[in-house]
Amino acid sequence: MKKILIINSNYYKIISDNLIDNSIKNFKKSKHKISQIDVPGIFEIPFVIRKNIKKFDAFVALGCVIKGQTPHFDLICYSTFNAILKL
């Protein structure tokens, strides 16, 4: 049985709750062993993956960043995406 870790950025609780509920519902159909870790924002997701990389077969990174008037969206998304790719 494959072990999957869902890393959930729960900064926007309503959005993240829906993402988690649907993910778990879909994974239960496939009979995988699912674990979940919540983090405060998406920037922490790569650190959790790195810490657990040998303990799980797959990772699902869930999070939401809302684009505003500043470049924060682009910087955070770019940094997080690249950090996950490097793992």
Side-chain angles (χ1 to χ4, degrees):
M1 178 183 300
K2 298 283 184 179
K3 296 188 319 184
I4 298 173
L5 178 61
I6 298 174
I7 303 108
N8 173 45
S9 166
N10 59 8
Y11 189 82
Y12 296 103
K13 183 131 177 66
I14 294 171
I15 295 169
S16 69
D17 286 348
N18 285 326
L19 291 170
I20 284 293
D21 291 344
N22 287 313
S23 296
I24 290 174
K25 184 172 88 175
N26 285 315
F27 278 120
K28 283 186 178 178
K29 295 175 188 174
S30 62
K31 310 265 188 204
H32 294 309
K33 181 175 172 19
I34 306 299
S35 299
Q36 176 184 336
I37 295 177
D38 291 327
V39 294
I42 70 161
F43 201 66
E44 291 81 14
I45 291 172
F47 298 104
V48 173
I49 293 173
R50 185 180 324 142
K51 183 178 176 184
N52 293 284
I53 198 122
K54 296 191 186 248
K55 299 175 189 173
F56 292 90
D57 299 303
F59 297 90
V60 176
L62 299 176
C64 173
V65 181
I66 296 176
K67 190 167 188 163
Q69 299 293 325
T70 67
H72 178 263
F73 173 88
D74 297 315
L75 296 171
I76 292 296
C77 291
Y78 179 81
S79 297
T80 303
F81 184 75
N82 280 332
I84 291 171
L85 282 179
K86 287 180 183 178
L87 292 171

Assess whether side chain to side chain contact (heavy atoms under 4.5 Å, CB included) is satisfied between Leu5 and Ile37, documenting all intermediate values.
-> CA-CA 7 Å; Leu5 178 61; Ile37 295 177; 3.8 Å; yes

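Minimum heavy-atom separation, Pro40 to Asn10: CA-OD1, 3.7 Å. Scanning all heavy atoms of the two residues, the minimum distance from Ile42 to Ser9 falls at N-OG, 3.2 Å.
Applying the salt bridge (Lys or Arg N to Asp or Glu O under 4.0 Å) definition to pairs two or more places apart or across chains, none involves residues 26-55. Pairs passing the side-chain hydrogen bond (donor to acceptor under 3.5 Å, both in side chains) check and including a residue from residues 13-27, sequence neighbours excluded, read Lys13-Asp17. The list of salt bridge (Lys or Arg N to Asp or Glu O under 4.0 Å) pairs with a residue in residues 2-11, not counting sequence neighbours, is empty.
Grouped by direct or indirect side-chain proximity (heavy atoms under 4.5 Å, Ile/Leu/Val/Met/Phe/Trp/Tyr only), Ile66 sits with Ile4, Ile6, Tyr11, Tyr12, Ile15, Leu19, Ile20, Ile24, Phe27, Ile34, Val60, Leu62.
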Which donor-acceptor pairs under 3.5 Å do side chains of residues 70-87 form with protein atoms, sequence neighbours excluded?
| unit_1 | atom_1 | unit_2 | atom_2 | d |
| --- | --- | --- | --- | --- |
| Thr70 | OG1 | His72 | N | 3.4 |
| Tyr78 | OH | Asn82 | ND2 | 3.2 |
| Ser79 | OG | Leu75 | O | 2.9 |
| Thr80 | OG1 | Ile76 | O | 2.8 |
| Asn82 | ND2 | Tyr78 | O | 3.4 |

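Atom CZ of Phe56 is surrounded by more than 12 heavy atoms from other residues, nucleotides or ligands within 6.0 Å.
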